[in-house]
Each structure stands twice: as C-alpha cells, then as structure tokens.
Amino acid sequence: MSFKAILGATAFAALAFGAQGAGAQDRLAFGATNSQSAHYAYFAALAGLVNETYPDKYQASVVETGATVDNLKRMAREQLDIGLITTSTLYHAYNGMKEFSDRPIESKLLWAYSLAPQNVVMQRDGDYVSLSDLDGVTMGPGMRGSSTEATSEDVFALFGITPEWVRGTNGELANAIKDDRSEGFVKSAVGTRFDALTTDIAAFTPLHVVGLSEEEVAQIQAELPELSIVEMPGGDMEDSGPYKTWGFMIGVSARPGMDDQTAYDLTKAAVENVDKQAAAFPTLEGEDLAQLTLDYATSPLHPGAVRYYEEAGYEVPDRLK
C-alpha cells in the first residue's frame, strides 16, 4: 500500500473514531444488593434517572451484589463506579478499621438516602426495660452478615452486655420470635417506623422497643462515632413513648479515584430528582437528600459532591470535606 493510501486510511480511521468518541457514553456500573430488596429497586430507578438526565454522557446499569462490604471491595477493584453502603461500614473502610484494618478503601460518600435506625425489639411479656435487662437473653443481633448484626455486637459489647445470640436470616429470626425460641431481635426500621417484617411479627406477638438511656447515648457518641443517634416517636405497636436508638444511613459512595465531574453530575441528578426515586423507594417522598446527607454522614464526602452541595446553597461541615 502506498504512503498516500496508508495516510488516507489512517485519517479515515481517526475521523471515524473521533465521530464515535464524540457521542460515546461513559459506562457506569451501580452496585446495589440482592434483586429482591427495595434498595435494588432504588438503584434501578437511579440508573434510569442518570441515563435520562445525561443521555449523551453516561450509560448506567445496575449490578446485583452482596451489598455494602461486597460493593466496597468491588469499587476498590474498579469493578463498580458507585455502590450502596451503610455509613457505619463506609466509616470503617475509609479509616482502615475492623475488617479493613489491613486494606483501607478510600471510597467517599456522594449522598445518603435512607435512615436505618436499629430497633431493639423484644417480646412485650418479657418486661425488658433497659439494655442491661438483655444480658444472657436469647435474641437475634440482626441478619447474619449484615451491618445490623455487626453494629449490634459493637453496641452490646460497648456496654458489657452479652445476650445469647441466635443467628440466621431475617426470616429465621422472625420465626424464632413467633415460635418463642427467641425473645427478640435487633431490626432496622424504615424511617421512624417498624419495617414490614417487624410489623408482621407484631400482628401475632405483642412487642416492646428498648431505647437508650442518656448515658448510653453519650457513650455511643464518644466511642462509636460511626453511628448516629436517632430520635424515634414510639407508638402503640412499639409499646413506647419517644425514645432514642442508634442507627446509620444507607447511601451511595464512589469508587476511589472517581473524577470530580462525574461525582458532581451523579449527586446533582439524585438530589434534584427525588420524586423519580421515590416512585421506586416511597420513603423518599418529600425528603431533602442533601440535608439528610449533611445531618447524618460520618465520613468525608467526595469533592465533586461537596462542590454541588455548596453551589446549591448548603453549608458543608469541615468534618465532611
């Protein structure tokens, strides 16, 4: 082939590549959780929202995963771009604590979207008034392998309380309560109310929620800073007036090394289109995602997210930068 022909072919290839590149989309993988979860539905809606908001810029898809820890590990390997996390586990990963002590993962938060208070739910006839009443009592710490289980163990250990733990899936723990093989369990609430599983138990077995004392609140704040303290309204089903418990947020963090503009774009799309996400995750209805994030985040925000929040008029605390 002559030099002129080679040059012509090269120019044509470059032109073709340039045309393709101009319209090319960045592929983004969103790590969620198991496909049966309401949080998977949230991430599916989020991917659709991003594709709709930036049709020429991003092509997002959802990946079914093992949730927080799995997502963080995959983001560290650059197999995912963003992922579902709990703020407590993200805190451990970012600061190289617990199971991340030999391999910290500098994943930074973009936004949080769901508060997960951890209710200590016990059978009402057991007359359990304080956490200290639960020493030696048969109960579940939360679903095996979950953030609920891990944080329950941390909180009870902090107070020197050792229940007789029952392990299993959420369904197995619920059945153990119904069958009187367990006195209760620790279970995430949805917002400030019982989730569907706990409500189902309450239909057959009267329940009582055990809240934190002010001394216990202070101790958690001092020694477990990755956790948030949540004020709960209580009610008839809870057999309680207002009470306090610990909790964490469920949110979205970015893989280490994500560029600022992508983080900015994703945060902007999420914060400014809550109604479209609420269609898949109804507890988001009317929520201010930015304020929710700034109120409950416990580890640094991505610089791209910080830029969006500040441009939108929010004051980002120094501890989150």
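Scope of the values below: all heavy atoms of this structure, side chains included, with no hydrogens, waters or symmetry mates.
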Please name the pair of heavy atoms, one in [X] and one in [Y], separated by the smallest distance, quoted to 0.1 Å.
{"X": "Ala297", "Y": "Arg319", "answer": "O-NH1, 2.9 Å"}
{"X": "Gly31", "Y": "Phe43", "answer": "O-CE2, 3.6 Å"}
{"X": "Leu320", "Y": "Ser299", "answer": "CD2-O, 3.5 Å"}
{"X": "Ser107", "Y": "Ser253", "answer": "OG-OG, 2.8 Å"}
{"X": "Val129", "Y": "Asp133", "answer": "N-OD2, 2.8 Å"}
{"X": "Pro163", "Y": "Val137", "answer": "CB-O, 3.3 Å"}

Please report the interatomic distance [atom1]([X]) to [atom2]([Y]), rounded to the nearest 0.5 Å.
{"X": "Asn273", "Y": "Leu284", "atom1": "CG", "atom2": "CG", "answer": "12.0 Å"}
{"X": "Ile85", "Y": "Ser147", "atom1": "CD1", "atom2": "OG", "answer": "9.0 Å"}
{"X": "Leu109", "Y": "Met249", "atom1": "CG", "atom2": "CE", "answer": "9.0 Å"}
{"X": "Lys268", "Y": "Leu266", "atom1": "NZ", "atom2": "CG", "answer": "12.5 Å"}
{"X": "Asp135", "Y": "Glu164", "atom1": "CG", "atom2": "CD", "answer": "10.5 Å"}
{"X": "Leu289", "Y": "Leu110", "atom1": "CG", "atom2": "CG", "answer": "12.0 Å"}

Atom [atom1] of residue position [X] - does it have more than 12 heavy atoms of other residues, nucleotides or ligands inside 6.0 Å?
{"X": "Glu315", "atom1": "CD", "result": "no"}
{"X": "Asp236", "atom1": "CG", "result": "no"}
{"X": "Glu285", "atom1": "CD", "result": "no"}
{"X": "Glu287", "atom1": "CD", "result": "yes"}

Check whether any side-chain heavy atom of [X] lies under 4.5 Å from a side-chain heavy atom of [Y], and answer yes or no.
{"X": "Thr293", "Y": "Leu301", "answer": "yes"}
{"X": "Val155", "Y": "Leu227", "answer": "yes"}
{"X": "Leu134", "Y": "Met139", "answer": "yes"}

side-chain hydrogen bond (donor to acceptor under 3.5 Å, both in side chains) evaluation trace for Tyr40 with Glu64: CA-CA 8 Å; Tyr40 184 94; Glu64 183 176 11; 5.8 Å; no
Checking the side chain of [X] only, and the main-chain atoms of [Y] only, is there a donor and an acceptor separated by less than 3.5 Å?
{"X": "His208", "Y": "Tyr128", "answer": "yes"}
{"X": "Thr53", "Y": "Ala269", "answer": "no"}
{"X": "Thr267", "Y": "Ala263", "answer": "yes"}
{"X": "Glu216", "Y": "Ser213", "answer": "yes"}
{"X": "Ser146", "Y": "Gly142", "answer": "no"}
{"X": "Asp70", "Y": "Thr65", "answer": "no"}
{"X": "Asn71", "Y": "Ala32", "answer": "yes"}
{"X": "Glu172", "Y": "Thr169", "answer": "yes"}
{"X": "Asn175", "Y": "Gly171", "answer": "yes"}

If two hydrophobic side chains count as joined below 4.5 Å and joins carry through other members, does [X] share a cluster with [Y]?
{"X": "Val62", "Y": "Val50", "answer": "yes"}
{"X": "Met143", "Y": "Ile250", "answer": "no"}
{"X": "Val230", "Y": "Val217", "answer": "no"}
{"X": "Ile82", "Y": "Leu80", "answer": "yes"}
{"X": "Ile220", "Y": "Val210", "answer": "yes"}

Return each pair, listed once, that meets ring pair (Phe, Tyr, Trp, His ring centres under 6.0 Å) where at least one residue sits in [range]; pairs must be two or more places apart or across chains.
{"range": "residues 131-167", "answer": "Phe156-Trp165"}
{"range": "residues 290-317", "answer": "Tyr264-Tyr308"}
{"range": "residues 61-109", "answer": "none"}

Would you mind writing out the side-chain donor-acceptor pairs for residues 114-123 within the sub-3.5 Å range, not counting sequence neighbours?
unit_1: Gln118; atom_1: OE1; unit_2: Thr148; atom_2: OG1; d: 2.6
unit_1: Gln118; atom_1: NE2; unit_2: Ala116; atom_2: O; d: 2.8
unit_1: Gln118; atom_1: NE2; unit_2: Ser188; atom_2: OG; d: 2.8
unit_1: Asn119; atom_1: OD1; unit_2: Tyr243; atom_2: OH; d: 2.7
unit_1: Gln123; atom_1: NE2; unit_2: Ile177; atom_2: O; d: 3.3
unit_1: Gln123; atom_1: NE2; unit_2: Asp180; atom_2: OD1; d: 3.1
unit_1: Gln123; atom_1: NE2; unit_2: Ser182; atom_2: O; d: 3.0

Is the closest basic N to carboxylate O distance between [X] and [Y] below 4.0 Å?
{"X": "Arg124", "Y": "Glu238", "value": "no"}
{"X": "Glu153", "Y": "Arg167", "value": "yes"}
{"X": "Arg27", "Y": "Asp81", "value": "no"}

Gln25 and Asp56: CA distance, side-chain angles, deciding distance, side chain to side chain contact (heavy atoms under 4.5 Å, CB included) verdict: CA-CA 6 Å; Gln25 300 163 303; Asp56 300 321; 5.6 Å; no
Can you list the steps and then say if Lys178 with Asp200 is a side chain to side chain contact (heavy atoms under 4.5 Å, CB included)? CA-CA 10 Å; Lys178 293 178 183 178; Asp200 178 66; 2.6 Å; yes
Would you please say whether a donor-acceptor pair under 3.5 Å links the side chains of [X] and [Y]?
{"X": "Asp154", "Y": "Thr151", "result": "no"}
{"X": "Thr89", "Y": "Thr68", "result": "no"}
{"X": "Tyr113", "Y": "Gln277", "result": "no"}

Kindly determine whether Phe185 and Thr198 satisfy side chain to side chain contact (heavy atoms under 4.5 Å, CB included), including the steps that lead there. CA-CA 10 Å; Phe185 68 165; Thr198 313; 4.0 Å; yes
side-chain contact (heavy atoms from CB on, under 4.5 Å) involving Thr283 - partner list, sequence neighbours excluded: Val190, Phe281
Which residues pass the side-chain hydrogen bond (donor to acceptor under 3.5 Å, both in side chains) test with Asp265, sequence neighbours left out? Lys57, Tyr58, Gln261
Applying salt bridge (charged side-chain N to carboxylate O under 4.0 Å, His left out), run through Lys321 and Glu310 and close with a yes or a no. CA-CA 11 Å; Lys321 294 183 180 180; Glu310 292 184 333; 2.9 Å; yes
Begin with the C-alpha distance, continue with both residues' side-chain angles, and end with the deciding distance and a verdict on side chain to side chain contact (heavy atoms under 4.5 Å, CB included) for Thr138 and Arg181. CA-CA 8 Å; Thr138 302; Arg181 291 178 287 114; over 6 Å; no
